[in-house]
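In this chain, numbering begins with 1 at the start of the sequence shown. The shown structure was predicted, so the numbers you read here are calculated from the model rather than taken from an experiment. Heavy-atom basis, side chains included; hydrogens, waters and symmetry copies ignored.
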Amino acid sequence: MPGLIRQALRFRAGTPNSTGLVTLGPVVTRGKVVELRPPAASDAAEWSRLVRPERDRLEPRWADSDLDWVARTDQAAWRERCGELRRLARRGEALPFLITVDGGIAGELVLDRVDRDRGCAEVEVWISEARESAAITASVLRLLLHHAFGEYELRRLTAAVPVGDRSAAALFSRAGFRREGLLRGYRRTGDHELWSLLATDRPEESISDLPIVSAMDVPGSGRGFERSNALQRRLHELVPGGAHTYARGSDQYPEGMAPILVRGDGCRVWDADGNCFIEYGMGLRSVTLGHGYRPVLDAVHQALADGVNFSRPTQLEVAAAEDFLSLVPGADMVKFAKNGSDTTTAAIRLARAATGRDMVAVCDQPFFSADDWFIGAVEMNSGVPEATRNQTVRFQFNDLDSLRLRFAERGGQIACVVMEAATALAEPEPGFLEGVRALCDAHGALLVFDEMITGFRWSASGAQSVYGVRPDLSCWGKAMGNGFPISALAGRRDLMELGGLRTDSPRVFLLSTTHGPETVSLAAFRAVVRAYTEGDPIGVMERRGTELADGVNTAARELGVEEFVAAIGRPSCMVFTTRDTDGRPSQPYRTLFLQEMLRRGVLGQSFVISAAHTVADVEHTVQATREALVVYRRALEDGGVERFLAGRPVAPALRSLASPRQI
């Protein structure tokens with residue numbers, strides 16, 4: 001298992017004594033010492049302080065009691081709870097633990113309703129959100145599983161998860177548990193799902209495979225980039241630009257510090273040199289639930305076993321289309337593809353066919369397509385015919401007059417208006433989107449919303465549902481599959497049918513792709529829909545993003561650089577500013593900030609967060625930012641980055657020449 005120091009294993013499992021209590025651990029995970037130990041009456045005060053804030057997401061079982069919140073955290077109530085757990089342990093009916101992280105109480109774990117004859121027990125876990133992370137919860141459960149299936153010789157463990165609690169479901173899913181069914185009336189708090197794990201289904205692991213993590217798994221361990229640099233040089237020999245996406249290019253990172261990644265888990269990634277990073281941007285905003293999100297992987301594995309691509313449509317296409325249209329009330333029909341450029345270009349073709357016009361008005365926003373109709377309008381447009389370039393005109397966001405002018409100049413020629421309803425940095429002003437809709441209607445043009453980023457990040461139903469303006473067509477992608485390749489074109493039935501078999505008009509070659517309906521990505525999409533329906537990933541991203549912005553901006557203010565570096569934008573989709581001594585956006589200072597963050601275990605061209613980022617991840621990022629800003633301030637005081645920056649600055653991804661980062 002990567003990242004383990006097996007010879008440095010620190011693990012003990014106390015033999016059950018007359019009290020029936022044992023201690024499991026400690027193990028070191030993410031640089032923190034994690035242990036399971038018996039609860040004691042003397043823990044009352046610390047336990048009370050831990051649970052009193054009422055902000056933790058998994059409560060202990062006894063929260064279902066008749067005691068009110070204050071009574072449940074009262075020292076007398078805690079002592080009574082400990083006494084009851086010890087009595088159950090002596091009778092062999094339960095095995096209670098407190099979860100400790102670096103010696104401090106982080107939660108409770110109980111192996112309850114133990115039936116040694118039948119070989120079964122129920123697992124109940126609560127862990128403080130302030131101390132929880134994917135690695136720590138995995139460590140805790142694996143410690144318990146090793147003991148339960150080993151020393152305790154159990155054969156089946158179950159867990160009752162409240163319906164809709166996706167964080168709890170994900171926790172048990174990552175530990176190998178499978179959902180069996182629904183428990184109605186199980187507790188007063190509502191229906192629960194039954195999850196179970198059989199000893200025979202448990203992944204093979206020895207005691208040395210427990211998650212003992214070396215320094216290389218601590219973000220910012222500083223192992224260098226020798227292997228990554230060698231692989232990057234090889235990539236430049238094999239792949240133009242050294243990457244398959246310009247935004248992923250090595251010229252977007254400090255020289256000699258462009259990690260080549262080998263794996264990810266949650267919001268953390270590891271590179272070829274063994275460095276661990278907390279990642280932001282998350283697959284160019286395509287991963288909102290976290291790398292390796294178990295419910296998505298489970299759905300993909302099931303689909304994969306039944307075949308991937310067929311010569312006829314599958315039932316999965318029907319189900320996926322129904323799922324999509326149930327989320328997007330502004331759409332009547334949908335067609336799936338593999339990337340965003342396919343769908344935006346299909347929308348343009350459809351608009352041109354429907355209106356009989358050729359021109360496209362695009363909002364002055366970063367990116368809409370890799371195809372000529374858009375690339376012809378950016379600086380990096382070599383190879384696009386001039387006639388094609390002239391078919392695209394631009395207007396400004398939140399400036400109705402600029403669009404009104406385009407219609408006045410070319411009104412009878414504009415087939416459609418293409419835009420994002422909002423961006424990370426720009427919310428639509430009151431009346432702006434409604435004004436765009438009215439101008440399109442008045443001039444006979446179609447309105448196309450690009451929902452690549454806003455879909456599943458602003459809302460599962462897209463920005464059109466947030467702002468209440470319905471486009472004629474909308475284009476989706478990125479987070480639809482939590483990283484799996486899938487996109488969608490959706491819109492009004494009368495328009496979409498122009499690419500179908502129910503039209504008398506000349507047919508539009510809308511979308512026809514071999515891999516558009518392959519089962520793996522459609523299954524991933526359906527699992528994403530379930531995650532958004534049953535849980536609140538967007539709410540988690542908004543909260544974590546707000547915490548990150550508060551921490552970063554507080555650090556900048558305390559260090560006196562708040563005018564130069566700031567976390568700004570929608571909390572679920574934030575970026576950071578990097579300005580020079582004159583207050584102008586600066587690529588050299590941006591590179592310096594990226595360099596210092598990489599050295600401290602944070603990888604990202606932005607602060608775009610995911611639902612997999614924990615409080616601990618945010619705290620690490622804030623501390624890394626604070627340390628990076630100390631260097632940034634010195635560069636400002638020095639009048640430039642020359643003494644602090646190793647290598648050439650980064651450069652805009654879509655520039656006309658390879659310089660200033662030509663290799």
Work out which heavy atom in Q605 is nearest to a heavy atom in R590; give both atom names and the distance.
O-NH2, 3.0 Å
Do the side chain of S459 and the main chain of V466 share a donor and acceptor less than 3.5 angstrom apart?
no
Within the side chain of H620, is there an N or O that forms a donor-acceptor pair under 3.5 Å with the backbone of R600?
yes
For this output row, return yes or no: ring centroids of F277 and W270 closer than 6.0 angstrom.
no
Can you check salt bridge (charged side-chain N to carboxylate O under 4.0 Å, His left out) on R634 and E637, steps first, answer last?
CA-CA 5 Å; R634 290 175 185 159; E637 294 168 349; over 6 Å; no
Does F607 reach the side chain of V552, with side-chain heavy atoms less than 4.5 Å apart?
yes
I'd like to know if R394 and D364 make a salt bridge, using a cut-off of under 4.0 Å between side-chain N and carboxylate O.
yes
Nearest atoms (heavy-atom pairs only) where I260 meets S228:
N-OG, 3.0 Å
Is there a donor-acceptor contact under 3.5 Å from the side chain of N398 to the main chain of A426?
no
Does V287 offer a backbone N or O that forms a donor-acceptor pair with the side chain of K478 under 3.5 Å?
no
D617 with R544: basic N within carboxylate O range, under 4.0 Å:
no
Restricting to non-hydrogen atoms, name the atom on A258 and the atom on Q232 that form the minimum distance, rounded to 0.1 Å.
CB-OE1, 4.4 Å
Does any non-hydrogen side-chain atom of V269 lie less than 4.5 Å from one of R263?
no
Would you say the side chain of V608 lies within less than 4.5 Å of the side chain of M574, judging by non-hydrogen atoms?
no
Can you confirm if the aromatic rings of F397 and F432 lie within a centre distance of less than 6.0 Å?
yes
Do Y632 and F564 have ring centres separated by under 6.0 Å?
no
Salt bridge between R437 and E434, side-chain N to carboxylate O under 4.0 Å?
no
Got a salt bridge between R404 and D399, using NZ or NE/NH1/NH2 to carboxylate O under 4.0 Å?
no
Just wondering, are more than 12 heavy atoms of other shown residues or ligands nearer than 6.0 Å to CD in Q396?
yes
Main-chain N/O of A549 paired to N553 side chain as donor or acceptor, under 3.5 Å:
yes
If only atom types and distance count, is the side chain of R648 paired as donor or acceptor with the main-chain N or O of Q662 below 3.5 Å?
yes
Please tabulate, for the side chains in residues 448-457, all donor-acceptor contacts under 3.5 angstrom to protein atoms that are two or more places apart in sequence or on a different chain.
unit_1	atom_1	unit_2	atom_2	d
D450	OD1	M452	N	2.9
E451	OE1	T454	OG1	2.5
E451	OE1	A463	N	2.8
E451	OE2	A463	N	3.2
E451	OE2	Q464	N	3.1
E451	OE2	Q464	NE2	3.0
R457	NH1	S572	O	2.6
R457	NH1	I609	O	2.8

Counting the benzene-type ring for Trp, do F593 and F576 have ring centres under 6.0 Å apart?
yes
Determine whether a donor-acceptor pair (N or O, by modelled atom type, separation under 3.5 Å) exists between the side chain of R406 and the backbone of S402.
no
Do any N or O atoms from the side chain of D580 and from the backbone of S586 form a donor-acceptor pair under 3.5 angstrom?
no
Do R661 and Q252 make a side-chain contact, defined as non-hydrogen atoms from C-beta onward lying under 4.5 Å apart?
no
C573 to R285 - nearest heavy-atom pair and separation:
SG-NE, 3.3 Å
Counting heavy atoms not belonging to Y246, are there more than 12 under 6.0 Å from its OH?
no
Test item: T591 and E255 side chains (from C-beta on) under 4.5 Å apart, heavy atoms:
no
CA sep, side-chain torsions, deciding dist, call: V565, L559, side-chain contact (heavy atoms from CB on, under 4.5 Å)
CA-CA 10 Å; V565 178; L559 289 167; over 6 Å; no
Could you go step by step and tell me if T288 and M541 meet the side-chain contact (heavy atoms from CB on, under 4.5 Å) rule?
CA-CA 8 Å; T288 57; M541 289 188 285; 4.1 Å; yes
Within a strict 4.5 Å, meaning less than it, do heavy atoms of the Q595 and R599 side chains meet?
yes
Just wondering, do F395 and L405 contact through their side chains at under 4.5 Å, heavy atoms?
no
To check you understand the geometry: which heavy-atom pair defines the closest contact between A612 and C267, and what is its length?
CB-N, 3.9 Å
Heavy-atom donor-acceptor pair, T577 side chain to A566 backbone, under 3.5 Å
yes
Please say which of V528, D265, N482 ends up in a side-chain contact (heavy atoms from CB on, under 4.5 Å) with Y293.
N482
Over 12 non-hydrogen atoms of neighbours within 6.0 angstrom of CZ in R227
no
Looking at T245 and A247, would you say the former's side chain and the latter's main chain have a donor-acceptor pair under 3.5 Å?
no
Would you call E547-R543 a salt bridge at under 4.0 Å N-O?
no
Are E619 and V615 packed together at the side-chain level, in the sense that at least one heavy-atom pair is separated by less than 4.5 angstrom?
yes
Considering all heavy atoms of both residues, which atom of A488 and which atom of F324 are nearest to each other, and what is their separation?
CB-CE1, 4.1 Å
Should the heavy atoms of other residues, nucleotides or ligands under 6.0 Å from CD of E563 be counted, would the total exceed 12?
no
Derivation of the side-chain contact (heavy atoms from CB on, under 4.5 Å) call for M419 and V436:
CA-CA 10 Å; M419 64 180 298; V436 172; 3.9 Å; yes
Under 4.0 Å between a Lys/Arg side-chain N and an Asp/Glu carboxylate O for R626 and E558?
yes
